[in-house]
Amino acid sequence: MPSSPHRALTGLSHPFRVTKGTRFRLEDFSTDDTRGLELKDESDGLLEDCSVVMADLQERLYAQDRWSVLLIFQAMDAAGKDGTIKHVMTGLNPRGCEVNSFKSPTTEELDHDFLWRTTRLLPRRGHIGIFNRSYYEEMLVVRVHPEILGHQQLPPSLVTPRIWRERFTDVVNYETYLSRQGVIIRKFFLYLSKEEQRRRFMERLAEPDKHWKFSLGDLPEREYFDDYLRAYDDVIRHTATAQAPWYVVPADHKWFTRLVVASAVIEAIESVRPTFPTVDPATRRKLKAAELQLKNEPQTSRLARRGRGRRQ
Ligand code: ATP
Ligand code: MG
């Protein structure tokens, strides 16, 4: 495995990791923290370096075919989910990596329990799955706009004030189950300030090439910014666990967000030390024999091959 400057990032994500929610308070975290590091100019190089390391880890994970990795990204609009996901993906082999985005549920999805649509898209063993939004929306957007519950086809007797607590419990149990099945779960909340969101929205509106990134619905949603923060605070407090930690990643500086996420992902995969499978002695002897057979095969000269081609 390449040992390289990405080691400089070891531990970078630790201050932002929440493994136990009981004492968690979002206000203890900051949106513009960079740990005093002045790595903006070096960040592209460091991220490239991380990509090389991640590609190697992914190959081992895939070859070993035991563990899978689920990376969940949650954030307000313009916090940089897409850009961060793009950077995490760079260098990964698409054969073993999938990204899925979750928007408002379809009629078919609403006809099932809320974990149904994401469960179908969980990464298979050896794969890395990225969720751009997830079942956590059920405790975020739905909590901020509780009228959505009315469209969820739930039996009315089950819609009580306890519903959020119940969803937290269900999600923790679900993630515990998944981790016992070999799914390595890491959850990222890209924590953006309201002021930085305003700046990014204005940038999108000022540049015609960025208009497509702005949706008119984003502005009314901004009115609920503080409600979303309260919902995130509660979600993280109730669903941060050792097996499925949250990372509250400062998102006002994109270069820092990406470095924190990259280092957290590398650490997550390294934690299970994926190794290439080894073969038993009998198979190894057969492979040796195959190698010998290929070595001793009479070589056809290029001239003979060409001549034969002409005759056909
Ligand atoms: P971008 O804006 O960069 O394209 P996005 O993730 O914000 O990415 P949008 O299409 O703008 O994508 O928004 C998707 C919307 O779907 C969000 O407002 C989100 O809250 C909503 N959504 C996702 N899951 C659910 C859910 N289970 N119930 C209700 N709304 C949901
Ligand atoms: Mg959006």
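First listed ligand is number 1; within each ligand, the first listed atom is number 1. Here, residue 1 is the first one in the sequence, and each next residue gets the next number. Side chains are part of it too, since the values below use all heavy atoms of this structure and drop only hydrogens, waters and symmetry mates.
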Notebook entry, point to check: Within a radius of less than 6.0 Å around OH of Tyr177, do more than 12 heavy atoms belonging to other residues, nucleotides or ligands occur?
Noted result: no

Notebook entry, point to check: Going by the angle between their ring planes, with limits at 30° and 60°, are Tyr136 and Trp246 parallel, tilted or perpendicular?
Noted result: perpendicular

Note to self: Within a 6.0 Å radius of atom CD on Glu59, are there more than 12 heavy atoms belonging to other residues, nucleotides or ligands?
What the structure shows: no

Checklist line | Arg95 to Tyr62 six-membered ring, cation-pi geometry met (6.0 Å, 45°) | finding: yes

Next item on the list: Using heavy atoms and a cut-off under 4.0 Å, could you grab the residues that are in contact with ligand 1, chain by chain, numbers ascending?
Entry: Asp77, Lys81, Asp82, Phe102, Lys103, Ser104, Pro105, Arg117, Arg133, Glu137, Glu138, Val141, Val142

Next item on the list: Check side chain to side chain donor-acceptor pair (under 3.5 Å) between Asp234 and all other residues, then give those that pass, not counting sequence neighbours.
Entry: Arg143, Arg237, His238

Notebook entry, point to check: Can Val183 be reached from Trp116 by stepping across I, L, V, M, F, W or Y side chains whose heavy atoms are under 4.5 Å apart?
Noted result: no

Next item on the list: Would you mind naming the N, O or S atom of Asp77 nearest to the Mg ion (ligand 2)?
Entry: OD1

